[in-house]
Structure formats: C-alpha cells, structure tokens
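Written out below as structure tokens is the structure these notes cover.
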There are 2 protein chains.
Amino acid sequence: MASPARKPVVPDYTVKAGAHERTVKAGTRQRALIAALALFDAQGVEATTIEQVRDAAEVSIGSLYHHFGSREGLVTALYEDLLERYRIALMAELSKHDTPRSFLDTFVKTHIAWSVRHPDAARFLAEHRYHRAVTMAEAKLQRGTAEFMRPLMLLFRPAVEAGILKPVAPDVLISLVVGPVQAWLRSHRAGKASLRPDLAAKQLADTIWDAIAVPTTARKTRKT
Amino acid sequence: MASPARKPVVPDYTVKAGAHERTVKAGTRQRALIAALALFDAQGVEATTIEQVRDAAEVSIGSLYHHFGSREGLVTALYEDLLERYRIALMAELSKHDTPRSFLDTFVKTHIAWSVRHPDAARFLAEHRYHRAVTMAEAKLQRGTAEFMRPLMLLFRPAVEAGILKPVAPDVLISLVVGPVQAWLRSHRAGKASLRPDLAAKQLADTIWDAIAVPTTARKTRKT
DNA sequence: TAATTTTCTAGAAAAATATTCTAATCAATC
DNA sequence: GATTGATTAGAATATTTTTCTAGAAAATTA
C-alpha cells in the first residue's frame with residue numbers, strides 16, 4: 001500500500017533560470033510535488049483535487065497513487081520534501097557558527113530569508129506544521145521542529161550552565177527563539193508587517209537575545 | 001446561499017455538571033458545532049465527513065447545509081465560534097489590568113490557562129489559524145489576531161514613547177508576545193513540554209518582558 | 001385563533017471526488 | 001531477447017459532498 005523504501009532524500013530539483021524558463025524535465029514524483037505545491041499555494045490544499053494535480057503535473061492518476069498512496073500521502077510527501085530542503089539550507093548556515101549569539105542571529109536571519117525567498121514552500125510548511133497527518137509523521141520520524149532544535153539545544157545547554165543564558169526550561173527557551181520568528185512571518189505573509197524582512201530579523205534577534213540571555217550587568221561566574 | 005444575518009454571537013453553551021452528565025439540549029446549530037469539534041479533535045478535520053457529523057449531532061444533512069452552506073462553512077463557523085469564546089475569556093481578564101507588565105503577565109497566563117482548560121478548542125484554533133478560509137474570513141471581519149492585539153498595542157504604544165518598551169516595530173513587538181506562547185502551547189500539546197503550564201507561563205512572561213522592555217538600568221526619562 | 005409567510009428539517013437524487021483495479025509499457029538484469 | 005519488477009494509464013467503482021423538492025415547525029399578521 002504505502003510507498004515502501006523510497007528514501008526521502010530529495011533528488012535534483014527543477015530550477016528555471018530567469019526569463020528563459022528552462023524547466024528541466026523531472027521525474028514523475030518531482031513533477032507531481034511541484035505541481036501540487038503551486039496548486040496548494042494558489043487555492044489551498046482542501047480546494048485542490050487529485051485531478052487538478054494530474055492535469056498540472058501531466059501525470060496519470062495511477063502514477064499519483066503509485067507514488068503517494070493517497071491524497072493525504074501526497075500532502076505529507078510534499079511536507080517532508082520541503083522540510084528537508086529547509087533543513088539543509090538552515091544547517092548549511094548554522095554550521096558556520098558556534099556561539100549562542102551568532103547562532104541565534106543566523107537562525108533568525110536564515111529562517112526569515114529562506115521563507116521570503118520561497119514564499120510558497122514557507123507558507124505550506126507553516127500551514128501544515130499543525131496538521132495531524134504531518135504531526136504524526138514527524139513523531140514517527142523523530143523529525144520536525146525537534147530535529148532542528150537539537151543543535152540549538154546542544155549549544156544552548158552549556159551556555160545555560162555557564163550562566164550566559166537564563167536557567168529556563170528547554171521548551172521555553174526554544175519557544176522564545178522559534179515563536180517570534182514564526183509569528184512575524186505570519187504577519188508578513190498577511191501583509192501586515194511594517195518592516196523589511198532583514199530589518200525585522202535584526203530586531204527579532206536582538207530582542208530575543210534579551211529574552212534568553214542573562215544581562216551582562218548581572219552575569220556572575222559560576223562553578224569555579 | 002450563505003447564511004444571511006445570523007449573528008456570530010454565541011448562544012448558551014451546553015455544559016455538563018460533573019458526573020451527572022446533564023447535557024442540556026441545545027439548538028441544531030450548536031449541536032452540530034459541538035459534535036464537529038469532538039470529531040475534529042478525535043480524528044482531524046480532513047478525516048471527518050459530513051455524515052459523521054450528522055450522526056454524531058443527530059441532525060439532518062439538510063439542516064447542516066441550511067445552517068452552514070458547505071462543509072467548509074461548518075469549519076469556519078466553528079472557528080469563529082471558538083475564537084469568540086476565547087476572545088471573551090481573554091478580554092474579561094485583560095480589562096482588569098492597565099500597565100504593560102501586568103497586561104503581559106495576564107495575557108500569557110490567561111492564554112495558556114484557557115488553552116489547557118479547553119484543549120480541543122485550543123488545538124482546533126491553533127491548527128486553523130493558518131488556514132486559508134479562516135484567514136480570509138478574518139481579513140474580511142477585521143478580526144483574528146489583529147483584533148486581540150489592538151488593546152495590547154493601545155497600551156504598548158505609549159509605553160514605547162515613554163521609554164519603557166523598546167522602540168521596535170509594532171509587528172515585531174506583537175510577535176515577541178504572541179509567538180513564544182503559541183510555540184510553547186504547541187510543544188505542550190505534543191507532550192514535549194517539561195514544565196507545568198502555570199510555571200511555563202511565569203517563565204514566558206518574565207523572559208518576554210526582558211525581550212520587549214528597556215532594562216531599568218538603561219532607562220532614561222524621555223520628553224521632559 | 002386562523003391564515004399566511006418564513007424558517008427549518010428531511011432524506012433521496014445528482015454531482016463531484018477519491019480510490020481501486022487490470023492491463024499495457026518501460027527498464028533493468030540474466 | 002526473455003524474464004522480472006517497477007511504473008504508467010485510465011476506465012470502473014466507491015465514497016463523499018452538494019443540491020433539490022417537499023413537508024414540518026415556528027413566527028407573523030389579521
């Protein structure tokens with residue numbers, strides 16, 4: 001029934017260069033995902049039918065069901081595909097930094113920049129972060145937010161012990177970092193943001209730092 | 001087609017007192033909404049059919065369509081109904097406070113407490129905050145997050161001018177307040193929260209305050 | 001209260017949509 | 001170049017949503 005092995009590793013994405021629109025022919029699965037994202041972004045997930053995906057992707061119904069098992073399977077597959085792209089983009093940047101502060105700056109900046117550059121993907125991911133099927137799939141895969149947060153926690157925990165970050169619960173710490181960024185992006189998507197993304201990223205990173213860091217004036221050395 | 005006037009004002013909700021389960025008979029519309037919420041919470045929105053709602057609510061298909069116009073109409077109506085309840089509960093608490101700090105504390109505490117007390121409603125609202133139909137309905141009604149944030153901004157703007165709060169963009173300010181709370185609730189729903197809700201509320205309010213407030217050590221009087 | 005109008009309820013019929021199934025094609029391996 | 005497994009195709013089937021017509025209840029008017 002469900003697709004058996006098929007690694008979630010993302011194959012070569014179709015990129016069109018500027019005006020030439022040189023859409024490299026991709027495999028059935030990839031074509032379906034691309035078409036689905038476009039449709040979902042334009043009219044919402046609930047409103048798009050399998051037939052619309054078939055027409056847009058020029059793929060038969062049979063192939064669609066062969067690859068994704070069901071309508072919901074398509075949605076979940078797209079979510080995982082996009083999440084993986086996002087994760088790779090984020091990790092590539094994060095790996096360059098190793099202090100809590102630069103880590104935070106980079107996280108906020110990269111997250112926002114990526115979301116602005118890929119509005120359709122970012123919107124889809126945001127809309128579906130809360131979805132049942134996705135949540136369950138994440139739970140099974142041990143992925144999702146938790147996965148992204150692991151390196152963050154790895155870096156933050158020692159900082160907490162060193163007295164650089166406040167001794168708040170890990171989930172509170174993560175919420176303070178991730179929450180504002182997601183909330184701002186939502187307002188940005190809704191057209192209610194007053195700031196350019198890069199400026200907002202700056203303000204967010206600065207203020208979030210004040211939320212999580214022990215003020216330098218009050219900082220004492222601990223343990224030794 | 002669509003329901004014409006029918007005020008979104010919420011009629012008397014069915015409450016069952018303790019073990020006696022005295023479910024007061026409510027109107028068709030209300031029965032449908034209650035049944036829908038239970039089904040949505042148990043199996044997700046996409047997975048529940050109109051027929052299931054009909055059976056659970058003991059209401060005919062015709063009535064369902066008469067009241068809500070469509071399947072999506074039911075979802076939207078439920079969203080608006082629950083949002084209104086939440087809004088009323090929140091405003092009742094917020095109206096008692098008039099300094100930025102106590103306002104923040106109350107907002108965080110009330111939001112979390114209400115979400116914990118009404119897990120099904122809170123989860124539904126969270127899942128659908130990002131939904132297309134709901135977003136559009138909100139835009140039309142000028143409601144949603146913006147509505148809640150108005151009193152908050154009304155209080156915060158002067159505080160920014162007085163130098164008590166940092167001079168950050170309004171949307172950033174709101175994101176800093178709302179984002180962490182929503183993010184924490186999500187982790188709580190997923191069973192990943194390590195803290196009791198009331199303690200988390202305390203930590204969140206304290207840290208969010210540090211994010212948005214000008215530190216007392218650096219506070220200068222402005223404008224006279 | 002009786003007549004009249006409007007709103008609401010009912011469920012069968014129709015339309016739209018998702019899923020299954022069987023056969024045909026393609027690609028790789030022996 | 002046969003055999004095997006994976007993929008594609010789309011007609012047939014099953015499920016689900018929506019419409020439609022008629023009757024019941026409630027509200028309104030006389």
Side-chain angles (χ1 to χ4, degrees), chain A residues 1-9 11-12 14 25-36 38-40 42-79 81 128 131-134, chain B residues 1-9 11-12 25-36 39-40 42-79 81 128 131-134:
Chain A
M1 294 293 150
S3 50
R6 192 165 278 285
K7 290 278 180 65
V9 176
D12 51 307
T14 291
K25 174 98 168 191
T28 300
R29 183 188 159 89
Q30 211 48 227
R31 278 216 309 288
L33 290 177
I34 292 168
L39 286 166
F40 291 168
Q43 24 174 280
V45 175
E46 310 226 345
T48 88
T49 70
I50 294 283
E51 296 203 335
Q52 287 178 314
V53 174
R54 176 201 57 189
D55 293 344
E58 297 186 318
V59 161
S60 76
I61 296 283
S63 298
L64 250 23
Y65 275 85
H66 174 73
H67 282 289
F68 304 108
S70 69
R71 199 190 111 99
E72 188 176 279
L74 171 62
V75 176
T76 305
L78 179 59
Y79 182 83
D81 188 290
H128 287 262
H131 261 207
R132 212 165 223 77
V134 157
Chain B
M1 296 291 151
S3 49
R6 192 165 279 284
K7 291 278 179 66
V9 177
D12 51 308
K25 176 98 167 188
T28 300
R29 183 189 158 89
Q30 211 48 226
R31 277 215 310 287
L33 290 177
I34 292 169
L39 286 166
F40 291 168
Q43 26 175 275
V45 175
E46 310 226 344
T48 89
T49 69
I50 294 283
E51 296 203 335
Q52 288 178 314
V53 175
R54 177 202 57 189
D55 293 343
E58 297 187 316
V59 160
S60 75
I61 296 283
S63 298
L64 252 22
Y65 275 85
H66 173 74
H67 281 290
F68 304 108
S70 68
R71 200 190 110 99
E72 188 176 278
L74 171 62
V75 176
T76 306
L78 179 59
Y79 182 83
D81 188 289
H128 287 262
H131 262 206
R132 214 166 223 77
V134 157

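Numbered from 1 within each chain, the chains take letters A, B, ... in sequence-line order. If you're wondering where the values come from, they're calculated on a predicted model, not measured in any experiment. All values below were derived from every heavy atom in this structure, side-chain atoms included, with hydrogens, water molecules and symmetry-related copies excluded.
The separation between B:L74 atom CG and D:dT18 atom C1' is 14 Å, rounded to whole Å. The distance between atom CG of B:L64 and atom C1' of D:dT19, rounded to the nearest whole Å, is 14 Å. Regarding B:R29, its CZ atom lies at a distance of 15 Å from the C1' atom of C:dT7, rounded to whole Å. Separating the CZ atom of B:F68 from the P atom of C:dC8 is a distance of 12 Å, rounded to the nearest angstrom. The distance between atom CD of A:E58 and atom P of D:dA9, rounded to the nearest whole Å, is 10 Å. Atom CD of A:Q30 and atom P of D:dT7 are 15 Å apart (whole Å).
Considering only side-chain N and O atoms, A:S60 lies under 4.0 angstrom from the phosphate OP1 or OP2 of D:dA9. Residue B:H67 places at least one side-chain N or O under 4.0 Å from the OP1 or OP2 atom of C:dT9. Look at B:H66 and you'll find a side-chain N or O under 4.0 angstrom from OP1 or OP2 of C:dC8.
The CG atom of A:L64 lies 11.0 Å from the CZ atom of A:R29; values are rounded to the nearest 0.5 Å.
Distance from the side chain of B:S70 is smallest to D:dT18 among D:dT18, C:dA10, C:dC8. Distances from the side chain of A:T28 to the nucleotides D:dT8, C:dC8, C:dA10 place D:dT8 closest. When distances are taken from the side chain of A:I61 to each of C:dG11, D:dT8, C:dT19, the shortest belongs to C:dT19.
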Which atom pairs, donor and acceptor, lie under 3.5 Å between side-chain atoms of residues 47-57 of chain A and protein residues at least two apart or in another chain?
{"from": "A:T49", "atom 1": "OG1", "to": "A:E51", "atom 2": "N", "distance (Å)": "3.4"}
{"from": "A:T49", "atom 1": "OG1", "to": "A:Q52", "atom 2": "N", "distance (Å)": "3.1"}
{"from": "A:Q52", "atom 1": "OE1", "to": "A:T49", "atom 2": "N", "distance (Å)": "2.9"}

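For the pair A:L74 and A:L33, the minimum side-chain heavy-atom distance is below 4.5 Å. Using a 4.5 Å heavy-atom threshold, the side chains of B:E46 and A:V75 count as separate. Proximity of B:H128 to B:L78: side-chain heavy atoms (C-beta onward) are nowhere separated by under 4.5 Å.
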Pairs: protein N or O with nucleotides 15-18 of chain C N or O, under 3.5 Å:
{"from": "C:dA18", "atom 1": "OP1", "to": "A:R71", "atom 2": "NH1", "distance (Å)": "3.2"}
{"from": "C:dA18", "atom 1": "OP2", "to": "A:I50", "atom 2": "N", "distance (Å)": "2.9"}

query: Would B:V45 and B:R71 count as a side chain to side chain contact (heavy atoms under 4.5 Å, CB included) if you check the C-alpha gap in whole Å, the side-chain angles of each, and the deciding distance to 0.1 Å?
result: CA-CA 10 Å; B:V45 175; B:R71 200 190 110 99; 3.8 Å; yes
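When all heavy atoms are compared, the tightest approach of A:F68 to A:A32 is CE1-CB, 3.7 Å.
Each end of the helix from C:dT1-D:dA30 to C:dC30-D:dG1 yields a helix axis from five base pairs, and these two axes differ in direction by 20° (to the nearest 10 degrees).
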